[in-house]
**Q** 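Below you'll find the structure I mean.
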Amino acid sequence: MTNKVTSAVMRDGLRVLGVAIRAEKLVFTAAVLASGLYGGMTVASAWALGWATENVVLPSFESGDVTSAALWTGVLFIVGTAVLKAIGVAGRRIWAGTMQYNMQARSRRDVTKQYLRLPLSWHHRHPTGQLLSNASSDAEAAWAPLAPLPMAVGVIVMLITAAVAMVITDPVLALVGFLIFPAIAVLNLVYQRRLSPLATHAQQLRAEVSEIAHESFDGALVVKTLGREELETERFQNRAHRLRDANIAVGRVRGLFDPLLEALPTLGVLAVLAVGGMRLSSNAITSGELVQVAYLFTLLAFPIRALGWVLGELPRAVVGWRRVQDVLEASGSMEYGEAELKGAQPATLEVDGLTYAYEEGREVLHGVSFTVAAGRTVALVGPTGSGKSTLIQTLVRLVDPHEGVVRLDGVDLTEIAYGGIADTVALVPQQTFLFDDTVRGNVTLGLRIDDQDVWAALRLAQADGFVSRLGDGLNTRVGERGTTLSGGQRQRLALARAVVRRPRLLVLDDATSSVDPQVEARILTGLRDASATVVVVAYRMATIALADEVVYLEHGRVVDRGPHDELLTRCGGYRNLVTAYEREEAERAAIEADEEEEISA
Amino acid sequence: MSTSIVKDNERSALATIRRGLSLTPEFRKGLAVTLMLAVVATVGKIIVPIAVQQTIDSGIKNGTPDVGYIVQAVSWCALAVLLTALAGYLMNVRLYRATESSLATLRIRGFRHVHDLSVLTQNTERRGALVSRVTNDVDQISTFMQWGGLMIIVAFGQLLVATVLMFVYSWQLTLLVWACFIPLMIALPRFQRWLSSAYTIVRERTGDMLSAVSESVVGAAVIRSHSSEQRTAERIDAAVEGNRRAQLRAQKIVAFVFPLTEIVAAVAIAGIVLLGVRLGLSGGITQGQLIGFLFLVTLFVSPLQIATEVLNEAQNAVAGWRRILGVLDTPPDVADPGDEGVALPRGPISVAFEDVHFAYPGGSPVLREVTLEIPPRTRIAVVGETGSGKTTFAKLLTRLMDPVAGRVTVDGADLREVRFSSLRERIVMVPQDGFLFDGSLAENIRYGRPDATDAEIALALTELGLADWLDGLPAGLATPVGQRGESLSAGERQLVALARAYLADPDLLLLDEATSAVDPATEVRLARALEGVTRGRTAISIAHRLSTAENADEVLVFDSGRLVQRGPHASLVEEDGVYADLHASWISAARS
C-alpha cells in the first residue's frame, strides 16, 4: 500500500467519524465530557498519590508522627479521584456504546429500506450473501471505531493534563515522558497498521471456511450418494489450513507487539527512577514528586493505546462504510404513477412490444406482444430458457422492460400508483418463498383477512387438508424458509397466498410443478371458478388444455398464439414440445408392433 | 438407533476440556515450555514495584540519593524487562501455533464427522447450527485459548507474585489488600452471570435481525409482488431496534462492573496509607516498601477488571467445546464398515429387499414388509402417490438410511457389510433436487468423477443427448452455475445432476424424479438417451410420467408404505388396483 492510498483512507476515515459525530452530537458530547473527566481524574489520582506520599507517608517516617488532618485529606483525595474516574469510565462506555449502536442500527435500517426500494433488477445483479453482509458486518465495521473514539479524545485530554503536570513538577522528568509516550503511540499505530490487513485476511478466510461448510452440508445428499466425503474434507481442510496459517501470522504480529507495548512504559518508569534519582540528588524534586511521575507512567501506559485502536480500526471502517454507502447511493428505484385501478371484474392484460435483456446485447425477450381479454385464461408455453419467467416478471412489474409497454385495464403499469398492481395482480413464482412465520402470516402477509377467507383460499389451493393436520393449524410456524413442509405443500401455500387477495389477474409461473397431477387438476378446476384473468406457465397438457388460448415462445419471441388445437396443427415447434410424450409412446408402440411382426414372421 | 446429535450437557466443564484436549495432541505438545515462558513473562509485572521500593529505600540514604546504586539497580531491572518481553514473545508465538494447529484439526475432524452422520441425523439440526459447530464454536475456543485462557494464567500468576512480594514487605497490609478485594471476587461470578445472560440475548437478537434482513433479500420478489414492503420494513426495524437495545444493555453491565475495581483499588490504597503509616511508626515497614505496596495494588486491578469477560469467554469456550464434541461423540448410525467390509466386483447389480420395515424415529411406519428381488440388467419403474414410500425405498437402497427391520442386499451381500467406497462407486442416485456447488458447469459434472477431462464431460453430455443445450450456454462448460446452481433454471440443474451421476459410471443408476422440472421435449430426449446408456446396467426410476413406467421391464407399485403390485406395465394396467387408478389419472392429465 502506498502512502498516498493510506492518507486517502485516513481522510475518509476521519470523514466517517465526522458523519457519526454530526449525527449523534449530544451523545458524542456527553461521551467526550465523561471521557475528559476520566482523563483528568487519571492524572489527578497520580497527583493524589504523590501528595499523600509527600505530605503523609514521608513526613510520618521522618518525624515519627502523623497529623490526622493530612492523613484524612490524603484518603479523601485518593478515594474521591477514583470515584470520579469510575463515573467518567462508566459514562464514557455507556455513551460511546449508545453512539456506536445507534449508528449501526441507523445504517441497518437505511440499507434494508433501500433493499426494499431498489428494483428487482438491482437485486439480480447482487449476490444474496453480499447484501446480507452489507446490512450486518459492514454496518458493524463502519462504526466500530466509535467505541474507542471518546476514550481516544479523553486520552488526549489526559496527555495534555499529564504533560502540564509533569512540566510543572520537573521539566527534566517531563522530557522522559515526551520521549516515551509518543514512542508508545507510534509503536501502537505501527502495530495496528501491520495487524489490520492480516486480521482482515483471516476474517475473509473465516468467511470462506464457513461458506464451504454451508455449501457442503447443504449438498450432503449429493456428497453421500457420490461418495465424495473425502474430496469434500480435502476442500474444507485446504481452506481450514489457510485460515490456521493466517491466524498464526496474526499471532506472530500480536506476539511481537503486545510484549513490546508492555515493556516500553515499564522501561519508561525505570528511566524516570534513574533520572529522578539524579534530580533528587541535586534537590530539583522531592521524593513525592518522583513517586507521582512514576505512578502516572504506569497509569498512562494502557489508555494511550486507545489512539492506536481508533486509527487501526479506520481502514476496516472505511471499507465497511463505502460498501454501505454503495447501497445507499444506488439509483434506479422504481417510479410510480398516480393512476388507480378500479373495479372488481377480471382485468384485461395487454403486452405490447416487450424487449428485455439481463446483460447488454443478450436479449431474452424480443418484441413480445399479446393480449388477454378479461376473465380468459392464457397459457405461456415454451422450452426451458425461452424467457417465460422473465416475461412473467414484467407482467407484475417486478422488472420494467427496456422497450414496450404492459397495460392492465388499458393503463400502462408504470403509471399505476404504488400498491395498485399488487392489489390487482397476484403472482405465484416458480421458486416458492415462505417467511419464518405462521401459516396464517404466510398467507395473509399482514393483511387483515379473517380465518374463514384464509381457509377458503387454502381450500382452493388444495392445502386445507394438510394445514388442518399440522399441530397448530393456521398458527403452525413453518420454520426457516419453510423447510418443514414438502415442495408441493409449499407451492400450495404460495398459491393460497395469491388467491386470498382475490386478484383480478392471477399469474402462475409453473407454480404447481411439485404437486401430484391429480391434485393439480383439482386446483386448476377450482381456479376456473375464481373470477380472475389467468396467465399460466405450464408444461403439462392438462394445464394447457384448461387455457382458452396459448402463447408459444421460443428464444424470447412469440412464435405463435391461438387455441391449443389450432397451434397443434399449424405450429411445428409447439406440437413437438407438448406432444413429446404421446409421440414417444406412439413410436414405441410402432417399434413393438414391428418386433412382434418380426417374431411372428 | 441414535439419530440426533449428542446433547452433552451432563459432562462437567473440566471433563469437557479434558476430553477436548485429548483430541488435540498438537496443543499438549510443548505446553509445559509455553507455560514456563508465561510464568517468566508474568514476573516482569513486579519489576516496577521492586524498582520503586529499591530506589526509595536503598537509593535515598538519609535524604542523599546514591545515584550510582539507583542507576545500577534500574539497569538490572531494564534487562529483566527485556528478558520477560522476549519470553512473552516466544510464549505468544508458541501458543498461537499450538492452538491454531490443534483447532484446525478439530475443525476438520468435526467437518468429516458431520458428513459421516446419516442424512437422518443431519436433518435433526438446522444447517446453520451444524455449520456453526465447525466454525463459530471452534473460533470461540480459539479466542479463549489465545486470550482468555492465557489471561487466567497471567492473572493468577500476577496475583500470586504480587501477594508473595507483599507478604515479604508486610503481612498486615497484605491481609488488608485481600480484605478489600475478596468481596469483589465473590461478586464476580454474579456479574458474569448477568453479562452472560445479556450476551445470550444479544446473540438471539442478532439472529433475529439477520433472519429478518435475510428474508427481505431472499424473498425480494414475493415482497414486491404483494407490496408488503411496509410490513417487512416494520419487521426489520423492530428486529434492528431489539438488537440495539440488547447490545446497549450488555454494554451498561460492562460499564458498571469495569470501573468498580478502580474504586475498590482506591479504597485499598487509602487503607494502605492509613494502616501503613501507623505500621511505619512502629518500625514494621520501610517507606520504600510502603510505596512499593501502592504500586503492587495496581497489579490487582487489570485481572479483576477483565475477569467477567474472561469468565464469560471461558463459558463460551466450554459451550463451544461441548458442541463440537457433541458432533464427534455422535456415532454414525449408518456406519461405513471400511476395509473390513465387502468390496463388490464391477458388473450389473442385483438387489433384494427381505421383509424390510422403516419408520422415522418416533414416527409411524413409512415402509412395511417390503420383499422384492431385482435381477441384474433390469429396468425398474417405481410408482405411487406422494407419501407412498417411494423415496424411502430409494434411500434404503442407496444406504442413506438403514431399515428398522429386515435387510437389503446387493449381489447377495447385506448392504450394511458393503464398504462405502465400493457401494458409492456402484450405486448412484440422482435426487429430485439437483444440488449444485458454486463453480463452473464442468466442475459440477466432474464431481461425479474427479479425474474426468473436459472432453470426457462433453462426451457424456453428448451421449445424454444434451449437446445442443451445452452449445446454447454462453460459456459452454465454463459457465458459472452460481450459488447452489441458482444461475441455471431448475430444469437445467437437473440436467447437470444427471450428467454428474452418469459420468460416475455406476452399475446401478437410481433416478428419484430426476427430470421433473425439464421441458417435455428435452425429457423425452433424455429418457431415450438414458435407455441407451443404461443398457446392460440395472436402472431404477422413481417415476412421475406414464412413459417411464411403460418403458420399464417391471413396475413396482407402492401404496401407504407397502409394495402392492409388481409386474410389467401391460399386465398391471389390465388388473384392477392402484396402478390402474394411477394410470387413469395420468392419461387424463396428459390428454384432457
Side-chain angles (χ1 to χ4, degrees), chain A residues 52 60-61 66 75 78-79 82 86 89-90 93-94 97 101 105 108 112 116 123 131 135 210 213-214 217 219 221-222 225 227 229 233 236-237 240 244 247-248 251 255 259 263 266 269-270 273-274 277 280-281 383-384 396 419 422 427 433 445-446 516-518 541-542 545 577 580-581 584, chain B residues 48 55 65 67 70-71 74 77-78 81 85 88-89 92-93 96 100 104 107-108 111-112 115 127 130-131 134-135 213 217 219-220 222 225-229 231 236 240 244 247 251 255 259 262-263 266 269-270 273 277 280 287 386 424 429 431 435 491 519-521 524 547 585 589-590 592:
Chain A
S60 71
F61 276 88
V66 57
V75 167
I78 290 169
V79 177
V89 170
R93 283 186 163 240
I94 289 170
Y101 302 137
R108 284 177 175 150
T112 48
L116 294 171
H123 279 260
L131 298 189
S210 167
H214 240 293
F217 294 168
L221 202 60
V222 174
T225 50
E229 290 92 342
T233 308
F236 181 78
Q237 177 172 320
R244 176 197 64 194
N247 279 337
I248 292 176
T266 309
V269 175
L270 294 176
L273 291 177
L280 269 179
S281 69
T384 309
V396 295
L427 164 75
F433 179 83
L445 290 184
D516 280 342
Q518 300 91 315
M541 277 275 251
L577 187 74
Y581 300 132
E584 207 237 346
Chain B
V48 164
T55 306
V67 176
I70 292 177
V71 169
V74 161
C77 286
V81 166
Y89 168 68
N92 274 329
V93 170
Y96 269 89
E100 287 302 329
R107 212 191 279 278
I108 293 161
F111 177 87
R112 175 61 211 242
H115 272 308
R127 284 287 180 270
L130 216 47
V131 170
V134 295
T135 55
V213 173
V217 172
V222 175
S225 56
H226 292 299
S227 276
S228 52
E229 286 95 340
R231 173 174 179 261
I236 293 174
V240 167
R244 190 191 70 88
Q247 283 176 314
Q251 179 75 1
E262 302 257 10
I263 297 180
I269 288 176
V273 172
V277 168
Q287 46 190 329
T386 308
R424 302 299 181 213
M429 172 168 88
F435 183 91
D519 74 65
V524 166
S547 56
S585 78
S592 60

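Note that the structure is predicted; figures quoted are calculated from it, not measured. In what follows, chains carry the letters A, B, and so on, assigned in the order in which the sequence lines appear, proteins first and then strands, with residues in each chain numbered from 1.
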**Q** Quick one: of A:Gly97, A:Ala135, A:Ala52, who has the most non-hydrogen atom pairs under 4.5 Å with chain B?
**A** A:Gly97

**Q** Can you sort out the partners of B:Glu100 under salt bridge (charged side-chain N to carboxylate O under 4.0 Å, His left out), two or more places apart, ordered by chain and number?
**A** none

**Q** Taking it one step at a time, do B:Ile108 and A:Phe236 satisfy side-chain contact (heavy atoms from CB on, under 4.5 Å)?
**A** CA-CA 7 Å; B:Ile108 293 161; A:Phe236 181 78; 4.2 Å; yes

**Q** Which atoms of B:Leu130 come close to chain A, meaning under 4.5 Å heavy atom to heavy atom: side chain ones, backbone ones, both, or neither?
**A** both

**Q** Quick one, A:Gln237 and B:Phe111 - any side-chain contact, counting heavy atoms below 4.5 Å?
**A** no

**Q** If you apply the rule side-chain contact (heavy atoms from CB on, under 4.5 Å), what do you find for B:Phe435 with A:Leu221, and how did you get there?
**A** CA-CA 8 Å; B:Phe435 183 91; A:Leu221 202 60; over 6 Å; no

**Q** If I compare all heavy atoms of B:Ala104 with all of A:Ala240, which pair ends up nearest, and what's the gap?
**A** CB-O, 4.4 Å

**Q** Can you name the nearest heavy-atom pair linking A:Gly277 to B:Val67, along with the distance?
**A** O-CG2, 4.0 Å

**Q** To check you understand the geometry: which heavy-atom pair defines the closest contact between B:Gly88 and A:Pro259, and what is its length?
**A** C-CG, 3.8 Å

**Q** Between B:Gln247 and A:Tyr101 (side chain of the first, backbone of the second, donor and acceptor by atom type, cut-off under 3.5 Å), is there such a pair?
**A** no

**Q** Looking at every non-hydrogen atom in both residues, tell me the closest pair between A:Arg93 and B:Gln251 and how far apart they are.
**A** O-NE2, 2.9 Å

**Q** Would you sort out whether B:Arg231 and A:Leu445 count as a side-chain contact (heavy atoms from CB on, under 4.5 Å), showing the intermediate values?
**A** CA-CA 8 Å; B:Arg231 173 174 179 261; A:Leu445 290 184; 3.9 Å; yes

**Q** With B:Thr55 as reference, evaluate A:Leu273, A:Leu280, A:Leu270 under the side-chain contact (heavy atoms from CB on, under 4.5 Å) test and give the passing residue.
**A** A:Leu273

**Q** Kindly indicate, with the supporting measurements, whether the criterion side-chain contact (heavy atoms from CB on, under 4.5 Å) is fulfilled by B:Val134 and A:Phe217.
**A** CA-CA 11 Å; B:Val134 295; A:Phe217 294 168; 4.3 Å; yes

**Q** Could you state the interatomic distance from OH (B:Tyr96) to CZ (A:Arg244), rounded to the nearest 0.5 Å?
**A** 16.0 Å

**Q** Restricting to non-hydrogen atoms, name the atom on A:Ile78 and the atom on B:Ala270 that form the minimum distance, rounded to 0.1 Å.
**A** CG2-N, 4.2 Å

**Q** Quick one: which of A:Val222, A:Val269, A:Leu131 has the most heavy-atom pairs under 4.5 Å with chain B, could you say?
**A** A:Val222

**Q** Would you mind telling me which of B:Val71, B:Val81, B:Val93 has the largest number of heavy-atom pairs within less than 4.5 Å of chain A?
**A** B:Val81

**Q** List for me each residue that meets side chain to side chain donor-acceptor pair (under 3.5 Å) alongside B:Glu229, sequence neighbours excluded, and say none if there are none.
**A** A:Tyr418

**Q** If you look at every heavy atom in A:Ser210 and B:Thr135, which pair is closest and at what distance?
**A** CA-CG2, 3.7 Å

**Q** Between atom OG1 of A:Thr225 and atom CE of B:Met429, what is the distance when rounded to the nearest 0.5 Å?
**A** 5.5 Å

**Q** Contact part of A:His123 toward chain B, heavy-atom cut-off under 4.5 Å: side chain, backbone, both or neither?
**A** side chain

